[in-house]
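Both counts, for ligands and for their atoms, begin at 1 and track the order of listing. Position 1 is the first residue of the sequence; numbering continues from there. Computed from heavy atoms alone, side chains included, the values below leave out hydrogens, waters and symmetry copies. This structure is a prediction, so every number in the text was calculated from the model and none was measured.
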Amino acid sequence: MSLQQGAPALNVVMLGPPGAGKGTQAERLARTRGLPKISTGDILREAVHDGTPLGLAAKATMEAGNLVPDDVMIGIVGERLGRDDARRGFVLDGFPRTVQQAAALDRIMDGRGPLVVLDIVVPEEVLVRRLATRRICSECGVNAAVEWTGACQRCGGPLVARTDDGVGIVRERLKVYHRQTQPLVDYYSTRPSFRQINGNQPPDVVTRSVDDALAAAMTKDVAL
Ligand SMILES: [Zn+2]
């Protein structure tokens, strides 16, 4: 699908538990379609780095060990989606996380074309295995993608095993994810533009599934 004049905007939300490969797929999708990948984590880090009022407020909240409140996150994302580079579409990674955020996103999207929601699904046992053996870059600290062998593809540094991801911790993280995300899946799952993707496949096969799901969702939902 190309993004020539007149083509509908490609607005994508990616959902998926830790270890599902969501970040990798969001990155690939954004790159191949020429869309911005919008991650709330990145925006917050940028705002903190720039010392904006928003960044300072978010920093204080996170340092106190609290989640950034819904209205702050909604404000951040609304501002980001209002920029020019997001007019032809975007790939959202890490937002929405709550039903309140999802409802706010629907209001932001009013008149901007369909919102396609892709939920990457991977069996729990596979996630546990992936996460418990997850590696990070010892230089820049980025999480290694599953397909990285040898060295960090961001900075070339050596990859090392994470030590804090014991199986018990991993299971707890997944439990928290599902408890938080199930209401969101329920919120979206009745829409024809909601698609589940089998993430228990090699990354390139998942990428093809994502492309197929987008093509199907866009054909059906252009009028939404
Ligand atoms: Zn690195």
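Around the Zn ion (ligand 1), the protein contributes the following N, O or S atoms at distances under 2.8 Å: Cys137 SG, Cys140 SG, Cys152 SG, Cys155 SG.
Checked by atom type, the side-chain pair Tyr188/Asp106 shows no donor-acceptor distance below 3.5 Å. For the residue pair Gln25 / Thr207, a side-chain donor-acceptor distance below 3.5 Å is found, with atom types taken as modelled.
Separating the CD1 atom in Ile120 from the CD1 atom in Ile197 is a distance of 6.5 Å, to the nearest 0.5 Å.
Side chain of Thr61 to main chain of Val68: no donor-acceptor pair is present (N/O by atom type, distance under 3.5 Å, no hydrogens or angles).
Glu124 has a carboxylate O that lies under 4.0 Å from a charged side-chain N of Arg171, or vice versa, which qualifies the two as a salt bridge. Between Asp42 and Arg80 there is no salt bridge, since no side-chain N of the basic residue sits under 4.0 Å from a carboxylate O of the acidic one.
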